[in-house]
Amino acid sequence: MISAPPSHSFPYHGFARAVRLVLLAGVAGGMMSACITTNVRSLKVSGSDYNSYLAREYQALAGMEQEGGDRDLSAHFARKAFAAAKAKPVARDVVDPNIIPVSLTPDLDRAAMALDEALSIMRGIGNDNALAVAQVSFDCWVAQSAMQQDVLSVIATLPCRDQFRNAMQSLSGDVDQAAVRTAVYFDTNSIVINEQSRIVLMDLAVSMRHRPHWTLDLSGVTDTSGRNKPNPSLSMRRAIAVRNALAQMGIDPDRIAVENEEHADTVLGDSDTETGDHAENRRVDIVATPSFGFTG
């Protein structure tokens with residue numbers, strides 16, 4: 001099982017004493033909030049599934065916010081703890097641009113996208129503890145970002161943001177099961193992106209822009225039906241052509257890896273031509289893989 005920082009290690013303890021956090025979701029006030037927060041301390045949670053981890057993390061966060069004097073925010077997280085303990089779905093908090101300073105929303109939006117993607121494909125394969133820490137740390141980050149924009153409020157967001165990043169970076173597992181595979185095809189001895197391949201790459205570029213934490217691996221293949229060995233030079237030139245095309249479509253080249261490019265000086269010296277008529281072998285394989293070592 002992937003280890004994540006234990007719930008008692010949440011780093012935001014004490015920040016609520018310094019500043020008042022703004023509650024993003026509606027909560028009952030006064031006596032009701034106090035009652036809910038008091039009850040959450042006696043909540044008993046057992047189990048090693050995602051909801052059990054989530055309940056314990058929200059329970060710890062609710063208790064710390066109560067110690068910090070923010071009764072409403074403590075009640076908000078206490079409600080989430082109770083819901084998770086009852087195995088009910090508990091969504092992350094929303095990044096509301098009407099409340100959160102505009103300078104802080106881009107990072108939160110990217111983090112929300114990465115978290116949602118991770119929750120959809122990484123649960124149940126040894127990551128539930130880390131995912132729970134990530135979701136609760138994200139909610140803490142959102143809450144602290146909703147404060148008035150000043151030097152103290154920006155500093156206050158950093159511990160929860162860093163806790164979120166650490167949890168996301170600790171995710172592991174067989175990401176191959178989440179990988180998306182496709183290919184583009186070439187004419188004989190050509191590295192020119194034809195119209196059909198360009199359509200495939202345009203669709204891929206759109207998808208990658210919506211998944212900024214995904215990366216691409218490109219691997220060229222040549223037709224060897226009429227020769228005794230593959231043509232590594234042509235394979236690499238095709239893969240590089242695909243990367244260049246994707247870069248022109250707005251995808252950061254740093255997110256695209258070309259197989260064996262570290263040996264390009266040697267490989268590109270191969271000038272053999274391609275023979276054979278197997279069109280399916282004249283291609284570049286493309287593998288898109290999520291990278292949850294999120295640092296945005």
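Worth knowing before you read on, the calculation uses all heavy atoms, side chains too, and leaves out hydrogens, waters and symmetry mates. Computed from a prediction, not measured in an experiment: that's the story for all the values here.
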_H210 vs V206, side-chain contact (heavy atoms from CB on, under 4.5 Å): CA-CA, chis, key distance, verdict_ = CA-CA 7 Å; H210 288 289; V206 171; 4.0 Å; yes
In Å and rounded to the nearest 0.5 Å, what is the [atom1] to [atom2] distance from [X] to [Y]?
| X | Y | atom1 | atom2 | value |
| --- | --- | --- | --- | --- |
| R282 | R238 | CZ | CZ | 7.0 Å |
| Y185 | S190 | OH | OG | 15.5 Å |
| Q135 | L54 | CD | CG | 4.5 Å |
| D49 | N129 | CG | CG | 11.0 Å |
| Q59 | F82 | CD | CZ | 8.0 Å |
| S145 | I99 | OG | CD1 | 11.5 Å |

Would you indicate whether the side-chain heavy atoms of [Y] and [X] approach each other to under 4.5 Å?
| X | Y | result |
| --- | --- | --- |
| M113 | P212 | yes |
| L108 | F138 | yes |
| R123 | L119 | yes |
| V200 | L204 | no |
| L216 | R255 | no |
| D93 | W141 | no |
| V242 | F186 | yes |

*asked:* Working note: D285 + R181, criterion side-chain contact (heavy atoms from CB on, under 4.5 Å); need CA distance, chi angles, decisive distance, verdict.
replied: CA-CA 7 Å; D285 291 327; R181 293 171 170 80; over 6 Å; no
Contact summary for [X] and [Y], nearest pair of heavy atoms:
| X | Y | value |
| --- | --- | --- |
| L115 | R92 | CD2-CD, 4.0 Å |
| V258 | M236 | CG1-CG, 4.2 Å |
| A130 | L171 | CB-CD2, 3.8 Å |
| V284 | A239 | CG2-N, 3.7 Å |
| I100 | A146 | CG1-CA, 4.1 Å |
| M168 | A118 | CE-CB, 4.0 Å |

_Under 3.5 Å side-chain donor-acceptor pair for H76 and D139_ = no
*So, the side chain of K80 versus the backbone of A91: is there a donor-acceptor pair under 3.5 Å, distance only?*
yes
*Backbone of A134 reached by a side-chain donor or acceptor of S137 within 3.5 Å*: no
*Please lay out, stage by stage, how I286 and L201 fare under the test side-chain contact (heavy atoms from CB on, under 4.5 Å).*
CA-CA 10 Å; I286 304 172; L201 294 180; 3.8 Å; yes
*Which residues satisfy the side-chain contact (heavy atoms from CB on, under 4.5 Å) test with R211, sequence neighbours excluded?*
E117, S207, W214
_Steps toward side-chain hydrogen bond (donor to acceptor under 3.5 Å, both in side chains) verdict (E259, S219)_ = CA-CA 5 Å; E259 186 180 44; S219 176; 2.6 Å; yes
*Look at the side-chain heavy atoms of Ile, Leu, Val, Met, Phe, Trp and Tyr, link any pair under 4.5 Å apart, and say whether I256 and M202 land in one connected group.*
yes
